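Structure first, then comments.
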Amino acid sequence: MTTFTARVLATVRRIPPGRVATYGDVAELAGRPGAARAVGNIMRECGARDVPCHRVVAAAGRLGGYGGAGGLKRSLLQAEGVVVRGTQIKDFARRRWLPGRTFGRRGT
DNA sequence: TAATTGACTTCGC
DNA sequence: GGCGAAGCCAATT
């Protein structure tokens, strides 16, 4: 499949544990910047369980308006080592996953 | 094919 | 800093 959806899913799958990405970033990485809403729409289906939709958060580092009533997403992220402050990621700026910024990349 | 929706983003008040 | 409105893109009906 070579559609935007497939790219989004592939991008989200590339998000390593302990890291998070925003809808806008995923959309951009997928090749369609500004399609944040589309990404959300695609994520909603979560057709592939390999897609850690819980690692996808809003731009401000917020978990989004979903994630379950009790904040399922928050628990999942925290379980991966992500510091979450209520509905917002504390170290979001440092937890945000970006291409070329994978693990092992320290402050050098 | 056209219109509506949706897990978003950004500007303005 | 919080609330409201407009814009963008893809999927669904």
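Predicted model only: the values in this text are computed from it and were never measured. In what follows, every chain begins at residue 1, and chains take the letters A, B, ... in the order their sequences are listed.
Screening residues 78-91 of chain A for salt bridge (charged side-chain N to carboxylate O under 4.0 Å, His left out) gives A:Arg55-A:Glu80, A:Asp91-A:Arg94 as the qualifying pairs, with residues at least two apart or on separate chains.
A:Ile89 places none of its side-chain heavy atoms less than 4.5 Å from the side chain of A:Val83.
Taking A:Arg14 as the reference, nothing meets the salt bridge (charged side-chain N to carboxylate O under 4.0 Å, His left out) condition, with sequence neighbours excluded. By the side chain to side chain contact (heavy atoms under 4.5 Å, CB included) test, A:Ala30 is found to be paired with A:Phe4, A:Arg7, A:Val8, A:Thr11, residues two or more places apart in sequence or in another chain being considered. Evaluation of the side chain to side chain contact (heavy atoms under 4.5 Å, CB included) rule for A:Ala21 yields A:Ile15, A:Val26, A:Trp97 as partners, not counting sequence neighbours. Contacts of A:Gln88 classified as side-chain hydrogen bond (donor to acceptor under 3.5 Å, both in side chains), with partners at least two apart in sequence or in another chain: none.
Atoms CG (A:Asp25) and C1' (B:dA7) sit 16 Å apart, rounded to a whole Å. What separates CG of A:Leu76 from C1' of B:dA7 is a distance of 14 Å, to the nearest Å. Rounding to whole angstrom units, CE of residue A:Met43 and P of B:dA7 are separated by 13 Å. Atoms CG (A:Leu63) and P (B:dC8) sit 11 Å apart, rounded to a whole Å.
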Detail all sub-3.5 Å separations between protein N/O atoms and N/O atoms belonging to nucleotides 10-13 of chain B.
none

Can you check nucleotides 8-12 of chain C for protein contacts, nitrogen or oxygen pairs under 3.5 Å, and list what you find?
{"residue": "C:dC8", "atom": "N4", "partner": "A:Arg37", "partner atom": "NH1", "Å": "3.4"}
{"residue": "C:dA10", "atom": "N3", "partner": "A:Asn41", "partner atom": "ND2", "Å": "3.4"}
{"residue": "C:dA11", "atom": "OP1", "partner": "A:Thr5", "partner atom": "OG1", "Å": "2.5"}
{"residue": "C:dT12", "atom": "OP1", "partner": "A:Glu45", "partner atom": "OE2", "Å": "2.7"}

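A:Lys73 places a side-chain N or O within 3.5 Å of a backbone atom of A:Val56 that can act as its donor or acceptor partner.
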After noting the C-alpha distance and the side-chain angles of A:Val57 and A:Arg62, does the key distance pass the side chain to side chain contact (heavy atoms under 4.5 Å, CB included) rule? CA-CA 6 Å; A:Val57 299; A:Arg62 295 179 300 187; over 6 Å; no
